Amino acid sequence: FEIFFISQLFLFLVGVLIFFKLMNFNEDKLNFLNWRNSFVYGIFPTVSALLVLLNAQFDRIILSYTVSKEMLGIYYAAQTVMALVTYMTVSVMMVITPSLIKLYKEESFLELRELSRRYSVLLVLVSLLILVFTIFFGKYFLNLYSISSVEGYQALLVLLTGITVSQIFGFGMTIYAYTEYKKRLIIYQLCVFILASVLCLIFSKLYGIVGAAFTTAFSVVLIKALVWLYFRKKGI
């Protein structure tokens, strides 16, 4: 925990230095209004990012009170494997984010839908391929961690299924995070976090790490579905 805290503090300080370097403030511009605008612009993406981290950790925090340390370690391994095999999907989202935001701000909604649909189909196909591959070889992935657990294998499949289904709903969360919908995104994230935490507490007691994997997959799908439904109502 100490190493993590120190590293995050160091990252923050470096970020502050880069911020001032890039902004190139002078004495005339460095006033209260600039500080306030910078704070307001950055606070919502920051809170949203923190909620993403919290949503990514809640299942393991709850599991630490409901299952044995051995099963908790197995679940950690399953999530690690999931992160490794889904790295490509994350990379694709990072690459197209600037284009998505640009098209949205230009109100080029037809092009935005086409770009989103094209890459969503790509990510669904890639995720399905990864899921099928994991069905056959997932146990071997876990064996890298000296784990031969049926529950770990099932939890991994459930997590990957949730990732695959969530790709259907496109890149609405990406647009939310960088546009005027930042506040709404935070509300959605808080609601999903509370609901998923309660469900995780119940399902982890009933079904162990598989139950926790289900609630995690459910929360990933739910947040993206809520955003998709809102944009669909607005005709975007």
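Since the model is a prediction, treat every value here as computed from it, not as a measurement.
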Atom pair CG/CD of Leu226 and Gln189 - distance to nearest 0.5 Å:
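Reported to 0.5 Å precision, the distance equals 11.0 Å.
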Could you give the distance from CZ (Arg113) to OG (Ser120), rounded to the nearest 0.5 Å?
13.0 Å
Does [X] use its side chain to pair, donor to acceptor, with the backbone of [Y] at less than 3.5 Å?
{"X": "Lys224", "Y": "Phe169", "answer": "no"}
{"X": "Ser166", "Y": "Ile163", "answer": "yes"}
{"X": "Thr134", "Y": "Ile130", "answer": "yes"}

Are Phe171 and Val221 connected in a single hydrophobic cluster, I mean Ile/Leu/Val/Met/Phe/Trp/Tyr linked by side-chain heavy atoms less than 4.5 Å apart?
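No, because Val221 and Phe171 fall into different hydrophobic clusters, even though each may have its own neighbours under 4.5 Å.
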Whether the Thr216 and Tyr75 side chains hold a donor-acceptor pair (N or O, under 3.5 Å, no angle test) is what I'd like checked.
yes
Under 3.5 Å side-chain donor-acceptor pair for Ser68 and Glu70:
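The answer is no; no qualifying pair exists.
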Parallel, tilted or perpendicular, as decided by the 30° and 60° cut-offs, for the rings of Tyr140 and Phe137:
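Aromatic pair Phe137/Tyr140 classed tilted.
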Run Leu159 and Gln79 through side-chain contact (heavy atoms from CB on, under 4.5 Å) and show every step you take.
CA-CA 8 Å; Leu159 290 169; Gln79 284 217 330; 3.8 Å; yes
side-chain contact (heavy atoms from CB on, under 4.5 Å) between Phe231 and Ile175, intermediate numbers included:
CA-CA 10 Å; Phe231 276 134; Ile175 297 174; 3.9 Å; yes
Would you check if Tyr230 and Tyr188 make a side-chain contact, meaning some heavy-atom pair closer than 4.5 Å?
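In short, these two side chains touch, coming nearer than 4.5 Å.
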